[in-house]
Q: 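Sending over a structure as C-alpha coordinates; questions will come in a sec.
When a ligand or atom number is given, it counts from 1 through the structure's own listing order.
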Amino acid sequence: MTSRRTFLHIGGVSGWALLISPLSTAFAQSQDHTSHAGHVSQPEVAKAVFPSPVTRAADAFTNPLFVPGNSGLLGVMAVQAPLRLTVGGTKQPVVPGKSPASLLVYGSEQGGVQRANPTLLTKKGQVVEAMLANGLTEPTIIHWHGLLVDGQTDGGPQLSVPQGGEYKYRFQVRNRAGMYWYHPHPHASAARQAYSGLAGLFFVDDDEEQAFRDKLGLKLGDNDLPLVIQDKRVDADGQLVYRPTDEEWKGGYLGNEVLVNLTVAPLLKATPRWYRLRMLNGSTARIFNLVFFHGERSLPFAVVGTDSGLLRAAQTTKRAFLSPGERLDVLLNLADIPAGQFVMLKSLAFDPMHQEGGHAGHGDSGATINWPDGAEIPLLKIAVDGKVVSTPVPLPEVLSRFDDIQVSRAKARPWKLGWNGKDWLLNGKTFQMSEVVATVSRNDVEIWELQNESQGMPHPMHIHGFVFQVLSRQASPKQQAELAVDRFGRAASDLGWKDTVLVWPGESVRLAIDFKHPHAGAQTFMFHCHNLEHEDKGMMVNFRVA
Ligand code: C2O
Ligand code: CU
Ligand code: CU
(Lines give C-alpha, C1' and ligand atoms only; values in the text may rest on other atoms or scores of the structure.)
(Ligands and ions follow the chains in the order given, each with its own letter.)
Protein backbone atom coordinates (compact mmCIF):
# COMPACT_ATOMS: atom_id res chain seq x y z
CA MET A 1 0.00 0.00 0.00
CA THR A 2 1.41 3.35 -0.89
CA SER A 3 1.62 6.12 1.63
CA ARG A 4 -0.45 8.24 -0.66
CA ARG A 5 -3.31 5.87 -0.08
CA THR A 6 -2.58 5.69 3.61
CA PHE A 7 -2.78 9.42 3.94
CA LEU A 8 -5.88 9.83 1.86
CA HIS A 9 -7.74 7.05 3.60
CA ILE A 10 -7.72 8.65 6.99
CA GLY A 11 -11.25 9.37 8.05
CA GLY A 12 -12.32 12.99 8.02
CA VAL A 13 -9.57 13.96 5.67
CA SER A 14 -11.88 14.75 2.75
CA GLY A 15 -11.96 18.51 3.12
CA TRP A 16 -8.31 19.01 3.55
CA ALA A 17 -7.26 16.88 0.60
CA LEU A 18 -6.69 20.19 -1.16
CA LEU A 19 -4.29 21.41 1.44
CA ILE A 20 -2.85 18.04 2.21
CA SER A 21 -2.35 17.38 -1.43
CA PRO A 22 -1.63 13.97 -2.84
CA LEU A 23 1.99 13.21 -2.15
CA SER A 24 4.38 13.43 -5.02
CA THR A 25 5.45 10.27 -6.75
CA ALA A 26 8.94 10.84 -5.49
CA PHE A 27 7.77 11.04 -1.90
CA ALA A 28 5.54 8.01 -2.25
CA GLN A 29 8.45 6.09 -3.72
CA SER A 30 10.71 7.03 -0.92
CA GLN A 31 8.01 5.78 1.44
CA ASP A 32 7.88 2.51 -0.43
CA HIS A 33 11.61 2.08 -0.31
CA THR A 34 11.95 2.69 3.35
CA SER A 35 8.45 1.81 4.56
CA HIS A 36 8.97 4.57 7.09
CA ALA A 37 6.40 7.27 6.91
CA GLY A 38 8.00 10.58 7.46
CA HIS A 39 11.36 9.48 6.20
CA VAL A 40 11.59 12.39 3.87
CA SER A 41 14.88 11.55 2.26
CA GLN A 42 14.91 9.83 -1.07
CA PRO A 43 17.67 7.27 -1.19
CA GLU A 44 18.73 8.20 -4.71
CA VAL A 45 18.83 11.90 -3.94
CA ALA A 46 20.53 11.65 -0.59
CA LYS A 47 23.77 10.79 -2.35
CA ALA A 48 23.44 13.77 -4.63
CA VAL A 49 25.52 16.87 -4.25
CA PHE A 50 24.19 19.43 -1.81
CA PRO A 51 24.44 23.11 -2.53
CA SER A 52 27.98 24.14 -1.66
CA PRO A 53 28.69 26.50 1.22
CA VAL A 54 27.64 30.07 0.67
CA THR A 55 28.07 33.16 2.70
CA ARG A 56 24.73 34.73 2.32
CA ALA A 57 24.88 38.50 2.05
CA ALA A 58 22.09 40.69 3.36
CA ASP A 59 21.14 41.38 -0.28
CA ALA A 60 20.10 37.78 -0.68
CA PHE A 61 17.40 38.13 1.99
CA THR A 62 14.49 38.83 -0.33
CA ASN A 63 11.96 36.12 0.46
CA PRO A 64 9.03 37.58 2.39
CA LEU A 65 9.01 36.10 5.90
CA PHE A 66 6.10 33.71 6.14
CA VAL A 67 3.68 35.05 8.73
CA PRO A 68 0.83 32.74 9.71
CA GLY A 69 -2.58 33.84 8.48
CA ASN A 70 -5.96 32.44 9.42
CA SER A 71 -5.68 29.37 7.24
CA GLY A 72 -3.12 27.12 5.62
CA LEU A 73 0.29 26.50 7.07
CA LEU A 74 0.50 27.49 10.76
CA GLY A 75 -2.98 28.99 10.33
CA VAL A 76 -4.07 30.75 13.51
CA MET A 77 -7.20 29.55 15.29
CA ALA A 78 -8.80 30.12 18.66
CA VAL A 79 -9.46 26.72 20.19
CA GLN A 80 -13.18 26.58 20.86
CA ALA A 81 -14.61 23.35 19.52
CA PRO A 82 -12.92 19.95 19.84
CA LEU A 83 -9.94 19.87 17.56
CA ARG A 84 -9.00 17.05 15.23
CA LEU A 85 -5.38 16.86 14.17
CA THR A 86 -4.68 14.40 11.39
CA VAL A 87 -1.09 13.60 10.58
CA GLY A 88 -0.53 13.64 6.86
CA GLY A 89 1.66 14.90 4.08
CA THR A 90 1.66 18.19 2.24
CA LYS A 91 3.86 19.99 -0.25
CA GLN A 92 5.26 23.37 0.58
CA PRO A 93 7.68 25.43 -1.47
CA VAL A 94 10.71 25.89 0.77
CA VAL A 95 13.65 26.74 -1.44
CA PRO A 96 12.67 29.26 -4.15
CA GLY A 97 13.19 27.87 -7.61
CA LYS A 98 13.16 24.26 -6.40
CA SER A 99 10.28 21.83 -6.33
CA PRO A 100 8.03 22.11 -3.27
CA ALA A 101 9.25 20.10 -0.30
CA SER A 102 7.25 17.14 0.99
CA LEU A 103 6.41 17.79 4.61
CA LEU A 104 4.48 16.01 7.30
CA VAL A 105 1.92 18.20 9.05
CA TYR A 106 -0.92 18.11 11.54
CA GLY A 107 -3.92 18.86 9.36
CA SER A 108 -7.08 20.34 10.76
CA GLU A 109 -10.34 21.40 9.27
CA GLN A 110 -12.81 23.49 11.15
CA GLY A 111 -15.76 25.44 9.81
CA GLY A 112 -14.50 24.79 6.30
CA VAL A 113 -11.09 26.32 7.05
CA GLN A 114 -8.09 24.08 6.48
CA ARG A 115 -4.90 24.47 8.41
CA ALA A 116 -1.63 22.61 8.64
CA ASN A 117 0.20 22.70 11.98
CA PRO A 118 -2.39 25.17 13.26
CA THR A 119 -1.26 27.90 15.62
CA LEU A 120 -3.57 27.32 18.57
CA LEU A 121 -4.79 30.24 20.67
CA THR A 122 -6.06 29.42 24.14
CA LYS A 123 -6.82 31.22 27.38
CA LYS A 124 -5.61 30.22 30.79
CA GLY A 125 -8.30 28.13 32.47
CA GLN A 126 -10.05 26.92 29.35
CA VAL A 127 -10.54 23.28 28.53
CA VAL A 128 -8.97 21.96 25.33
CA GLU A 129 -10.27 18.87 23.60
CA ALA A 130 -8.18 17.44 20.83
CA MET A 131 -7.96 14.21 18.88
CA LEU A 132 -4.86 12.98 17.15
CA ALA A 133 -5.49 10.78 14.09
CA ASN A 134 -2.37 8.97 13.01
CA GLY A 135 -2.13 8.93 9.22
CA LEU A 136 1.45 7.72 9.24
CA THR A 137 2.54 4.17 8.60
CA GLU A 138 4.35 4.17 11.95
CA PRO A 139 3.46 5.10 15.54
CA THR A 140 3.23 8.69 16.68
CA ILE A 141 1.87 10.77 19.55
CA ILE A 142 1.50 14.49 20.23
CA HIS A 143 3.35 15.98 23.17
CA TRP A 144 2.35 19.43 24.45
CA HIS A 145 5.70 20.97 25.19
CA GLY A 146 5.66 23.09 28.34
CA LEU A 147 2.04 22.51 29.27
CA LEU A 148 1.16 21.60 32.85
CA VAL A 149 -0.92 18.55 32.05
CA ASP A 150 -1.26 15.10 33.58
CA GLY A 151 0.90 12.18 32.47
CA GLN A 152 -1.72 10.66 30.17
CA THR A 153 -2.25 13.96 28.39
CA ASP A 154 1.42 14.79 28.21
CA GLY A 155 1.97 12.44 25.27
CA GLY A 156 5.17 10.58 26.00
CA PRO A 157 6.48 7.64 23.91
CA GLN A 158 4.52 5.08 25.98
CA LEU A 159 1.30 6.59 24.67
CA SER A 160 2.13 6.35 20.95
CA VAL A 161 -0.68 5.11 18.73
CA PRO A 162 -0.11 2.87 15.70
CA GLN A 163 -0.93 3.61 12.07
CA GLY A 164 -4.60 4.55 11.80
CA GLY A 165 -4.82 4.95 15.57
CA GLU A 166 -6.33 7.84 17.46
CA TYR A 167 -5.56 9.50 20.77
CA LYS A 168 -7.89 11.76 22.69
CA TYR A 169 -6.78 14.68 24.80
CA ARG A 170 -8.85 16.68 27.22
CA PHE A 171 -7.10 19.10 29.53
CA GLN A 172 -7.43 22.37 31.29
CA VAL A 173 -4.89 25.02 30.33
CA ARG A 174 -3.14 25.79 33.62
CA ASN A 175 -0.10 27.61 32.30
CA ARG A 176 0.76 31.24 32.49
CA ALA A 177 0.40 33.10 29.20
CA GLY A 178 3.21 32.23 26.85
CA MET A 179 4.18 30.56 23.62
CA TYR A 180 4.31 26.80 23.98
CA TRP A 181 4.40 24.21 21.23
CA TYR A 182 3.38 20.70 20.26
CA HIS A 183 5.34 18.07 18.43
CA PRO A 184 5.67 14.28 18.05
CA HIS A 185 7.19 12.16 20.81
CA PRO A 186 7.16 8.54 19.61
CA HIS A 187 9.90 6.22 20.76
CA ALA A 188 13.14 6.68 18.80
CA SER A 189 11.62 8.66 15.92
CA ALA A 190 10.59 11.99 17.42
CA ALA A 191 13.52 13.73 15.74
CA ARG A 192 12.72 12.45 12.25
CA GLN A 193 9.01 13.20 12.56
CA ALA A 194 9.55 16.70 13.94
CA TYR A 195 12.21 17.35 11.32
CA SER A 196 9.78 16.29 8.60
CA GLY A 197 7.52 19.17 9.59
CA LEU A 198 5.38 18.08 12.54
CA ALA A 199 5.36 21.01 14.97
CA GLY A 200 2.87 23.69 15.87
CA LEU A 201 2.58 26.62 18.25
CA PHE A 202 0.30 26.75 21.27
CA PHE A 203 -0.37 30.20 22.72
CA VAL A 204 -1.82 30.75 26.15
CA ASP A 205 -3.26 34.15 26.96
CA ASP A 206 -4.12 35.74 30.31
CA ASP A 207 -4.96 39.18 31.70
CA GLU A 208 -1.38 40.25 32.37
CA GLU A 209 -0.28 39.30 28.90
CA GLN A 210 -3.23 41.07 27.34
CA ALA A 211 -2.53 44.23 29.33
CA PHE A 212 1.07 44.10 28.16
CA ARG A 213 0.09 43.83 24.50
CA ASP A 214 -2.47 46.60 24.81
CA LYS A 215 -0.02 48.93 26.47
CA LEU A 216 2.58 48.52 23.73
CA GLY A 217 0.17 48.25 20.82
CA LEU A 218 1.23 44.71 19.95
CA LYS A 219 -0.88 42.66 17.59
CA LEU A 220 -0.26 39.02 16.83
CA GLY A 221 0.59 38.61 13.15
CA ASP A 222 1.36 42.32 12.75
CA ASN A 223 4.09 43.53 15.11
CA ASP A 224 3.92 40.52 17.45
CA LEU A 225 5.40 37.69 15.43
CA PRO A 226 6.21 34.09 16.19
CA LEU A 227 9.54 33.10 14.65
CA VAL A 228 10.14 29.37 14.38
CA ILE A 229 13.84 29.01 13.68
CA GLN A 230 14.96 25.65 12.33
CA ASP A 231 17.82 24.32 10.33
CA LYS A 232 17.08 21.76 7.65
CA ARG A 233 19.17 19.77 5.24
CA VAL A 234 17.79 20.46 1.81
CA ASP A 235 18.98 18.56 -1.26
CA ALA A 236 19.52 19.90 -4.78
CA ASP A 237 15.89 19.16 -5.55
CA GLY A 238 14.53 21.20 -2.64
CA GLN A 239 13.59 18.15 -0.54
CA LEU A 240 14.34 17.74 3.16
CA VAL A 241 16.75 14.97 3.98
CA TYR A 242 16.99 13.35 7.38
CA ARG A 243 19.59 10.60 7.47
CA PRO A 244 21.87 10.97 10.47
CA THR A 245 25.10 9.04 10.46
CA ASP A 246 26.38 7.51 13.69
CA GLU A 247 28.41 10.67 14.26
CA GLU A 248 25.28 12.77 13.78
CA TRP A 249 23.23 10.68 16.18
CA LYS A 250 25.98 11.45 18.64
CA GLY A 251 26.64 15.11 17.89
CA GLY A 252 23.29 16.17 16.47
CA TYR A 253 22.01 16.56 12.92
CA LEU A 254 22.70 19.92 11.29
CA GLY A 255 21.09 21.47 8.24
CA ASN A 256 22.51 23.35 5.30
CA GLU A 257 19.73 25.94 5.45
CA VAL A 258 18.32 27.81 8.40
CA LEU A 259 14.67 28.65 7.95
CA VAL A 260 12.51 31.11 9.82
CA ASN A 261 8.84 30.11 9.63
CA LEU A 262 9.96 27.77 6.84
CA THR A 263 11.32 30.72 4.84
CA VAL A 264 14.84 30.62 3.43
CA ALA A 265 16.73 33.95 3.59
CA PRO A 266 13.65 35.75 4.94
CA LEU A 267 12.87 39.45 4.76
CA LEU A 268 10.46 41.15 7.14
CA LYS A 269 9.22 44.56 6.04
CA ALA A 270 8.68 46.55 9.21
CA THR A 271 7.66 50.03 10.26
CA PRO A 272 9.36 52.14 12.96
CA ARG A 273 7.65 51.01 16.19
CA TRP A 274 7.83 48.21 18.72
CA TYR A 275 8.24 44.71 17.33
CA ARG A 276 7.81 41.68 19.46
CA LEU A 277 9.54 38.54 18.23
CA ARG A 278 8.60 35.29 19.91
CA MET A 279 11.28 32.89 18.92
CA LEU A 280 11.25 29.12 19.15
CA ASN A 281 14.31 27.07 18.32
CA GLY A 282 12.63 24.18 16.53
CA SER A 283 15.87 22.62 15.30
CA THR A 284 16.72 19.13 16.39
CA ALA A 285 20.25 20.01 17.45
CA ARG A 286 21.48 23.46 16.44
CA ILE A 287 21.99 26.15 19.07
CA PHE A 288 21.63 29.81 18.09
CA ASN A 289 23.57 32.72 19.57
CA LEU A 290 21.16 35.53 18.79
CA VAL A 291 22.27 39.08 18.03
CA PHE A 292 20.55 41.90 16.16
CA PHE A 293 22.87 43.96 13.98
CA HIS A 294 22.27 47.43 12.68
CA GLY A 295 25.21 47.84 10.35
CA GLU A 296 28.29 46.96 12.40
CA ARG A 297 26.58 47.74 15.68
CA SER A 298 24.79 45.14 17.75
CA LEU A 299 21.46 46.50 18.83
CA PRO A 300 20.21 46.24 22.39
CA PHE A 301 16.95 44.36 22.73
CA ALA A 302 14.63 43.69 25.63
CA VAL A 303 14.05 40.14 26.79
CA VAL A 304 10.48 40.24 28.09
CA GLY A 305 9.73 36.55 28.37
CA THR A 306 11.15 33.04 28.23
CA ASP A 307 9.70 29.53 27.80
CA SER A 308 6.75 30.02 30.08
CA GLY A 309 5.77 33.63 29.78
CA LEU A 310 6.66 37.13 30.86
CA LEU A 311 9.53 38.07 33.15
CA ARG A 312 8.93 40.34 36.14
CA ALA A 313 10.77 43.09 34.34
CA ALA A 314 12.34 43.48 30.92
CA GLN A 315 16.06 42.75 30.69
CA THR A 316 18.06 44.62 28.13
CA THR A 317 20.78 42.59 26.49
CA LYS A 318 22.66 42.34 23.23
CA ARG A 319 22.98 38.58 22.88
CA ALA A 320 21.17 35.43 23.95
CA PHE A 321 21.59 31.72 23.36
CA LEU A 322 18.54 29.79 22.19
CA SER A 323 18.84 26.01 22.26
CA PRO A 324 16.45 23.43 20.79
CA GLY A 325 13.05 23.54 22.50
CA GLU A 326 13.60 26.92 24.18
CA ARG A 327 11.60 30.07 23.49
CA LEU A 328 12.64 33.67 23.83
CA ASP A 329 10.28 36.63 23.77
CA VAL A 330 12.02 39.87 22.79
CA LEU A 331 11.07 43.44 22.00
CA LEU A 332 12.90 45.53 19.50
CA ASN A 333 12.40 49.24 19.15
CA LEU A 334 12.54 49.82 15.41
CA ALA A 335 11.65 53.49 15.81
CA ASP A 336 15.36 54.01 16.43
CA ILE A 337 16.24 52.73 12.97
CA PRO A 338 16.27 55.36 10.21
CA ALA A 339 13.82 54.66 7.39
CA GLY A 340 15.37 52.73 4.54
CA GLN A 341 17.83 50.89 6.77
CA PHE A 342 17.72 47.35 8.04
CA VAL A 343 18.44 45.19 11.06
CA MET A 344 19.88 41.71 10.69
CA LEU A 345 19.06 38.95 13.16
CA LYS A 346 22.08 36.66 13.23
CA SER A 347 23.43 33.74 15.10
CA LEU A 348 26.89 34.93 16.03
CA ALA A 349 29.84 32.53 15.88
CA PHE A 350 30.39 30.63 19.13
CA ASP A 351 32.30 27.62 20.39
CA PRO A 352 29.94 24.64 19.94
CA MET A 353 32.02 22.86 22.62
CA HIS A 354 32.06 19.41 21.13
CA GLN A 355 34.41 17.98 23.71
CA GLU A 356 33.15 14.44 23.69
CA GLY A 357 36.05 13.19 21.61
CA GLY A 358 35.80 12.39 17.94
CA HIS A 359 34.00 14.63 15.53
CA ALA A 360 30.44 15.58 15.95
CA GLY A 361 27.66 16.84 13.84
CA HIS A 362 29.13 16.72 10.39
CA GLY A 363 28.30 13.47 8.72
CA ASP A 364 29.54 12.43 5.33
CA SER A 365 26.14 11.43 3.99
CA GLY A 366 27.00 13.37 0.85
CA ALA A 367 26.16 16.67 2.47
CA THR A 368 28.29 19.73 2.56
CA ILE A 369 27.06 21.56 5.62
CA ASN A 370 26.79 25.22 4.82
CA TRP A 371 26.80 26.16 8.42
CA PRO A 372 29.05 24.14 10.70
CA ASP A 373 28.02 24.03 14.35
CA GLY A 374 28.81 27.38 15.96
CA ALA A 375 29.22 29.21 12.64
CA GLU A 376 27.94 32.74 12.15
CA ILE A 377 24.57 32.52 10.38
CA PRO A 378 22.39 35.38 9.18
CA LEU A 379 18.79 34.46 10.03
CA LEU A 380 16.37 37.28 9.23
CA LYS A 381 16.56 40.69 7.61
CA ILE A 382 14.24 43.30 9.04
CA ALA A 383 13.90 46.25 6.67
CA VAL A 384 12.49 49.36 8.27
CA ASP A 385 10.51 51.89 6.31
CA GLY A 386 7.92 54.61 6.83
CA LYS A 387 7.57 57.48 9.27
CA VAL A 388 7.44 57.25 13.02
CA VAL A 389 3.74 57.76 13.64
CA SER A 390 4.04 58.10 17.41
CA THR A 391 6.96 57.64 19.76
CA PRO A 392 6.84 54.10 21.11
CA VAL A 393 5.63 54.04 24.72
CA PRO A 394 8.31 52.96 27.16
CA LEU A 395 8.26 49.39 28.42
CA PRO A 396 6.27 49.04 31.63
CA GLU A 397 8.46 48.59 34.69
CA VAL A 398 6.52 45.60 35.87
CA LEU A 399 5.57 43.05 33.22
CA SER A 400 4.35 40.32 35.50
CA ARG A 401 3.92 39.52 39.18
CA PHE A 402 4.78 36.14 40.62
CA ASP A 403 6.44 34.59 43.65
CA ASP A 404 9.67 32.66 43.46
CA ILE A 405 9.64 28.99 44.37
CA GLN A 406 10.58 28.68 48.06
CA VAL A 407 13.67 26.51 48.19
CA SER A 408 14.61 26.70 51.87
CA ARG A 409 13.39 23.13 52.50
CA ALA A 410 14.09 21.80 49.04
CA LYS A 411 15.75 18.45 48.45
CA ALA A 412 18.69 18.40 46.10
CA ARG A 413 18.74 15.85 43.31
CA PRO A 414 21.89 15.64 41.18
CA TRP A 415 21.67 14.69 37.52
CA LYS A 416 24.91 13.83 35.78
CA LEU A 417 24.93 14.29 32.03
CA GLY A 418 27.52 12.00 30.57
CA TRP A 419 28.82 9.86 27.73
CA ASN A 420 29.99 6.28 28.10
CA GLY A 421 31.64 5.94 24.70
CA LYS A 422 28.40 4.70 23.17
CA ASP A 423 25.40 6.55 24.58
CA TRP A 424 24.52 9.83 26.23
CA LEU A 425 23.42 9.15 29.79
CA LEU A 426 21.42 10.70 32.61
CA ASN A 427 22.78 9.48 35.94
CA GLY A 428 24.26 6.54 34.05
CA LYS A 429 20.94 5.56 32.44
CA THR A 430 19.55 5.45 28.94
CA PHE A 431 15.82 5.42 28.33
CA GLN A 432 13.87 2.28 29.13
CA MET A 433 10.16 2.56 28.40
CA SER A 434 9.00 1.14 31.71
CA GLU A 435 11.81 2.14 34.03
CA VAL A 436 11.13 4.97 36.45
CA VAL A 437 14.45 6.48 37.42
CA ALA A 438 13.30 9.02 39.98
CA THR A 439 10.28 9.29 42.25
CA VAL A 440 9.36 12.66 43.64
CA SER A 441 6.67 13.59 46.11
CA ARG A 442 4.01 16.00 44.99
CA ASN A 443 4.44 17.78 48.31
CA ASP A 444 8.06 18.58 47.57
CA VAL A 445 10.09 21.31 46.08
CA GLU A 446 13.33 19.94 44.68
CA ILE A 447 16.51 21.48 43.42
CA TRP A 448 17.69 19.63 40.35
CA GLU A 449 21.41 20.02 39.85
CA LEU A 450 22.29 19.37 36.24
CA GLN A 451 25.99 18.65 36.04
CA ASN A 452 27.42 18.27 32.58
CA GLU A 453 30.79 16.56 32.40
CA SER A 454 33.50 18.55 30.64
CA GLN A 455 34.22 15.72 28.17
CA GLY A 456 30.79 16.26 26.69
CA MET A 457 28.77 18.64 24.60
CA PRO A 458 26.00 21.14 25.35
CA HIS A 459 22.63 19.58 26.23
CA PRO A 460 19.33 21.51 26.25
CA MET A 461 17.61 19.72 29.13
CA HIS A 462 13.82 19.64 29.19
CA ILE A 463 11.32 18.52 31.80
CA HIS A 464 7.73 17.50 31.09
CA GLY A 465 4.73 18.34 33.22
CA PHE A 466 6.32 21.18 35.22
CA VAL A 467 8.03 24.49 34.70
CA PHE A 468 11.05 25.56 36.72
CA GLN A 469 13.13 28.52 37.77
CA VAL A 470 16.86 28.59 37.10
CA LEU A 471 18.62 29.25 40.42
CA SER A 472 22.21 29.42 39.26
CA ARG A 473 24.83 28.58 36.70
CA GLN A 474 28.26 27.53 37.88
CA ALA A 475 31.50 26.90 35.99
CA SER A 476 29.97 28.35 32.85
CA PRO A 477 32.16 28.75 29.78
CA LYS A 478 33.09 32.35 28.99
CA GLN A 479 30.56 32.74 26.17
CA GLN A 480 27.81 31.97 28.69
CA ALA A 481 29.35 33.61 31.78
CA GLU A 482 29.61 36.93 29.87
CA LEU A 483 25.83 37.01 29.68
CA ALA A 484 25.31 36.87 33.44
CA VAL A 485 22.96 39.53 34.77
CA ASP A 486 23.24 38.55 38.43
CA ARG A 487 25.63 37.01 40.92
CA PHE A 488 24.10 33.58 40.32
CA GLY A 489 25.49 33.47 36.81
CA ARG A 490 22.07 33.65 35.22
CA ALA A 491 21.56 35.22 31.82
CA ALA A 492 18.49 37.29 30.89
CA SER A 493 17.17 34.22 29.10
CA ASP A 494 17.38 32.18 32.34
CA LEU A 495 14.96 34.38 34.23
CA GLY A 496 11.28 33.81 34.72
CA TRP A 497 9.72 30.41 34.12
CA LYS A 498 11.23 27.79 31.89
CA ASP A 499 10.88 24.20 30.75
CA THR A 500 14.16 23.79 28.87
CA VAL A 501 17.65 24.94 29.82
CA LEU A 502 20.98 24.68 28.07
CA VAL A 503 23.82 23.10 30.04
CA TRP A 504 27.34 23.52 28.63
CA PRO A 505 30.18 21.04 29.11
CA GLY A 506 31.66 21.40 32.58
CA GLU A 507 28.76 23.54 33.72
CA SER A 508 26.34 22.99 36.64
CA VAL A 509 22.88 24.48 36.43
CA ARG A 510 20.55 24.41 39.43
CA LEU A 511 16.79 24.43 38.93
CA ALA A 512 13.98 24.91 41.43
CA ILE A 513 10.95 22.75 40.72
CA ASP A 514 7.73 22.69 42.69
CA PHE A 515 6.17 19.27 42.14
CA LYS A 516 2.77 20.22 43.46
CA HIS A 517 0.12 19.16 40.95
CA PRO A 518 -3.63 18.76 40.93
CA HIS A 519 -3.81 15.46 39.03
CA ALA A 520 -5.36 12.43 40.70
CA GLY A 521 -2.86 9.71 41.51
CA ALA A 522 0.80 9.34 40.61
CA GLN A 523 1.92 10.81 37.30
CA THR A 524 4.81 9.77 35.07
CA PHE A 525 6.70 12.25 32.92
CA MET A 526 9.94 12.48 30.90
CA PHE A 527 13.08 14.38 31.59
CA HIS A 528 15.35 14.49 28.56
CA CYS A 529 17.78 16.27 26.33
CA HIS A 530 15.96 18.30 23.65
CA ASN A 531 18.72 17.69 21.17
CA LEU A 532 16.23 15.35 19.51
CA GLU A 533 18.91 13.02 18.19
CA HIS A 534 20.03 12.56 21.79
CA GLU A 535 16.47 12.13 22.97
CA ASP A 536 15.77 9.46 20.35
CA LYS A 537 18.97 7.66 21.30
CA GLY A 538 17.87 7.50 24.90
CA MET A 539 19.16 10.59 26.72
CA MET A 540 15.85 10.50 28.54
CA VAL A 541 14.35 9.06 31.71
CA ASN A 542 10.92 8.62 33.21
CA PHE A 543 10.27 10.23 36.55
CA ARG A 544 7.21 9.77 38.68
CA VAL A 545 5.47 12.28 40.89
CA ALA A 546 3.47 10.49 43.52
CU1 C2O B 1 9.57 19.25 23.31
CU2 C2O B 1 9.81 15.84 25.44
O3 C2O B 1 9.69 17.50 24.33
CU1 CU C 1 8.16 18.72 26.27
CU1 CU D 1 22.03 16.21 24.53
Q: Between L73 and Q92, is there a side-chain heavy-atom distance shorter than 4.5 Å?
A: yes
Q: Is it true that atom CZ of R170 has more than 12 heavy atoms of other residues, nucleotides or ligands lying nearer than 6.0 Å?
A: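 Result for CZ/R170: open.
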Q: What residues, two or more places apart in sequence or in another chain, satisfy salt bridge (Lys or Arg N to Asp or Glu O under 4.0 Å) together with D494?
A: R473
Q: If you leave out waters, which protein N, O or S atoms are less than 2.8 Å from the Cu ion (ligand 2)?
A: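 You should have found H143 NE2, H462 NE2.
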Q: For the Cu ion (ligand 3), what is the closest N, O or S atom on H534?
A: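 Of all N, O or S atoms in H534, the Cu ion (ligand 3) lies closest to ND1.
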Q: Within less than 2.8 Å of atom 1 (Cu) of ligand 1, how many protein N/O/S atoms are there?
A: 3
Q: Could you check whether the rings of H183 and H143 sit parallel, tilted or perpendicular, using 30° and 60° as the cut-offs?
A: perpendicular
Q: Provide the closest heavy-atom pair for V260 versus L379 in the form atom of the first, atom of the second, distance.
A: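 Between these two residues, the closest heavy atoms are CG2-O, 3.5 Å.
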Q: Between the side chains of E209 and K124, is the shortest nitrogen-to-carboxylate-oxygen separation below 4.0 Å, so that they form an ion pair?
A: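 No.
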Q: Tell me which N, O or S atom from H459 is the closest to the Cu ion (ligand 3).
A: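 The atom in question is ND1.
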Q: Using salt bridge (Lys or Arg N to Asp or Glu O under 4.0 Å) as the criterion, list what pairs up with E376, not counting sequence neighbours.
A: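 Testing E376 for salt bridge (Lys or Arg N to Asp or Glu O under 4.0 Å), a comparison that skips the adjacent residues, returns K346.
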Q: When the ring planes of W448 and F515 are compared, do they come out parallel, tilted or perpendicular, using 30° and 60° as the limits?
A: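 Rings of W448 and F515: tilted, 30 to 60°.
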Q: Can you confirm whether or not the ring centre of F202 sits under 6.0 Å from the ring centre of W144?
A: yes
Q: Is the NZ or CZ atom of R233 both under 6.0 Å from the centre of the six-membered ring of Y242 and within 45° of that ring's axis?
A: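 No, R233 does not lie over the aromatic ring of Y242.
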